[in-house]
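Quick note on labels: first sequence line is chain A, next is B, and so on, each numbered from 1.
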Amino acid sequence: MTSQFDPTLASTSSPQKQNQMLQWLFCVALVYMVLLAVGFIGSGFKSATGVHAKELFEFASNPFLGLLIGTICTALIQSSSTVTSIIVGLVAGGLPVATAIPMIMGANIGTTITNTLVSLGHVRDKEEFRRAFSAATVHDFFNVMGVLIFLPLEIAFGMLEKLSGMLSNLLVGGDSLSLKSLNFIKPITKPIISNVADGLAVISSASWVPGVVMILLGIGIIFFAITMIGKTLKQLMVGRAKNILHTAIGRGPVSGISSGTVVTVLVQSSSTTTSLVVPLVGSGIFKMKEIYPFTLGANIGTCITALLASTAVSGEFAVFALQVALVHLLYNVFAVVLIYGIPFLRNIPPTMAERLAGVAAERKTIALLYVVLLFFVFPATMIFFS
Amino acid sequence: MSEIKSDQLIALENRIEEVKNLLHELEESARQLREQEQHQEVNHLEDYLNETDKEVQALAVFKDEVVKEIKGLIERIKDKMHSPGSH
């Protein structure tokens, strides 16, 4: 067989290279904007709430409510990276880690809406739709299952909170392995964040006004920058993503999970990775069970954004910002190891997805009800009754 | 009698082995062919990546199908209500 690697990578002409260089510079600038934005949210939240951050989020201390807030927010803006980065910023401003953990879990569920919506586009051919819808919903079922297992465990034992706390202390706390001195991001973000905070302080004598403005500015910048990063990296990384996928074809599930992780890190969006496989399965070239590990890798790969965001945070809550980013990573790694590692559990999401897709292919209204109920009506009802 | 039966058995076992080998070869060929097709599809990854931004179009197409399905359901209910046997 001839080499499957993309030859265009080796023969890029000079103007193309120049264009790529510009795109890379643009990406670096966007990443810097994300880091600044997380700092804005943290700093704004701190100045808006003072020492009352905990009381302000008292309503979300019910973990189920936190979970549903995370789900709805992510489903609405269709980006778990944006939501988790905002959560990191809020924790940097004083939001308790225990309150943020269910929100992070909710973001995992909310992000699955994108590939489910993409799968709806295959509706005109019944068989194609059945395959595409099952490829999309296998991710939904896996993430819902992850929450069903880990949220009760977290409520009962605080396992993720304790483990991430230990790790974050080890990395940036007072312990000997501290990486504080290696963090080069804070020095390049802190002066600008402080200047903006000082500049906004003149707009009102009430401390909460500039704080709220900073939070809104931060959320807006994160939303814009993460969307643009995703679009730019998609173009820049397509060649590498191809090579990774070529390498993963015909290999085992570990290779599938690894390639899903790497491709998601490259394109900085789990929605892109999981939506990418929908038409591949829909066309019948790939089987749903072949892409299932790849989809799980996307859950792990997407954690890079929150980890990166946490490096921009300074001050007394910096350790908690890293802690919540580590919770995101640990939760996704544990979910993959536990659910995919145990054969009985491993088979539940694909079986459920195949059954639902079979029914939805016959009655499209079922697919519509599934999306509306799972992502909006059920969470909204739960919030209302909480 | 037992000798004849044994020969038949040996022949059958040989045949089973042959079929098993053939099945294995067919499975291997199918796997190779599927992987080849998968590699070809991955070569068109750009097209699939563009598809990932089409949620709005996907929803529009889906809406048409759902509306068609609901209209069909309403028609069936109407027909049933107006059929001679209905009350």
Side-chain angles (χ1 to χ4, degrees), chain A residues 1-6 78 113-124 126 129 132 230-231 234-235 237-251 263 267 269 271-280 282-287 290 362-369 371, chain B residues 17-83 85-87:
Chain A
M1 194 192 287
T2 53
S3 170
Q4 300 289 346
F5 289 87
D6 187 3
Q78 289 186 37
I113 194 173
T114 311
N115 66 345
T116 307
L117 293 182
V118 169
S119 75
L120 299 182
H122 296 261
V123 72
R124 282 184 179 145
K126 194 199 271 188
F129 178 63
K231 283 185 193 297
K234 240 195 280 187
Q235 291 170 358
M237 290 299 185
V238 65
R240 283 182 215 284
K242 272 184 193 179
N243 289 345
I244 291 163
L245 285 175
H246 280 309
T247 315
I249 288 171
R251 304 258 174 105
V263 171
V267 298
S269 165
S271 300
T272 301
T273 317
T274 55
S275 301
L276 177 68
V277 298
V278 168
L280 288 169
S283 65
I285 299 291
F286 283 82
K287 290 178 183 167
E290 288 175 321
E362 295 300 326
R363 294 268 177 275
K364 314 293 183 300
T365 322
I366 301 280
L368 176 73
L369 282 175
V371 174
Chain B
E17 202 55 38
E18 268 176 44
V19 173
K20 269 186 186 171
N21 287 337
L22 184 66
L23 187 67
H24 180 73
E25 277 174 30
L26 287 172
E27 278 174 349
E28 188 56 29
S29 304
R31 189 185 61 79
Q32 280 179 3
L33 197 64
R34 195 170 58 242
E35 283 181 12
Q36 209 177 332
E37 285 181 8
Q38 288 175 343
H39 282 296
Q40 281 167 5
E41 284 301 304
V42 168
N43 281 333
H44 301 288
L45 204 66
E46 297 89 342
D47 306 335
Y48 290 111
L49 273 169
N50 294 334
E51 286 282 304
T52 62
D53 286 333
K54 291 183 178 165
E55 298 105 283
V56 180
Q57 288 99 313
L59 271 176
V61 174
F62 183 70
K63 189 200 80 184
D64 294 345
E65 291 293 317
V66 171
V67 168
K68 214 189 288 175
E69 198 174 280
I70 292 172
K71 276 182 182 168
L73 180 71
I74 293 168
E75 286 298 314
R76 282 199 301 278
I77 292 170
K78 274 184 186 169
D79 288 349
K80 215 169 185 183
M81 284 171 78
H82 294 125
S83 66
S86 66
H87 298 287

Which residues, numbered in order, of residues 60-69 of chain B come under 4.5 angstrom of chain A by heavy-atom distance?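 So far as heavy atoms go, B:Val61, B:Phe62, B:Asp64, B:Glu65, B:Val66, B:Glu69 are the residues that approach chain A to under 4.5 Å.
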Applying a criterion of heavy atom separation less than 4.5 Å, what residues of residues 24-31 of chain B form contacts with chain A?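 Within residues 24-31 of chain B, no residue comes under 4.5 Å from chain A.
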To the nearest 0.5 Å, what is the distance between [atom1] on [X] and [atom2] on [Y]?
| X | Y | atom1 | atom2 | result |
| --- | --- | --- | --- | --- |
| A:Gln235 | B:Glu46 | CD | CD | 10.5 Å |
| A:Leu245 | B:Tyr48 | CG | OH | 12.0 Å |
| B:Gln40 | A:His246 | CD | NE2 | 10.0 Å |
| A:Arg240 | B:Leu45 | CZ | CG | 14.0 Å |

Which bit of A:Thr114 is near chain B, if near means a heavy-atom gap under 4.5 Å: side chain, backbone, both or neither?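 Answer is both: backbone and side chain atoms of A:Thr114 are under 4.5 Å from chain B.
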Determine the option with the most heavy-atom pairs under 4.5 angstrom with chain B, choosing from [options].
| options | answer |
| --- | --- |
| A:Leu120, A:Val123, A:Leu117 | A:Leu120 |
| A:Thr272, A:Leu280, A:Val371 | A:Leu280 |
| A:Glu290, A:His122, A:Lys231 | A:Glu290 |

Taking salt bridge (charged side-chain N to carboxylate O under 4.0 Å, His left out) as the definition, give me every residue that meets it alongside A:Arg251, ordered by chain and number, with sequence neighbours left out.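 With neighbours one apart ignored, the set is empty.
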A:Lys242 side chain to B:Val42 main-chain N or O, any donor-acceptor pair under 3.5 Å?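 Answer holds: no.
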Among B:Arg34, B:Gln38, B:Glu37, side-chain contact (heavy atoms from CB on, under 4.5 Å) partner for A:Ile249: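 The residue from B:Arg34, B:Gln38, B:Glu37 that satisfies side-chain contact (heavy atoms from CB on, under 4.5 Å) with A:Ile249 turns out to be B:Gln38.
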For A:Phe286, ring pair (Phe, Tyr, Trp, His ring centres under 6.0 Å) partners two or more places apart: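 With sequence neighbours excluded, A:Phe286 shows a ring pair (Phe, Tyr, Trp, His ring centres under 6.0 Å) to no residue whatsoever.
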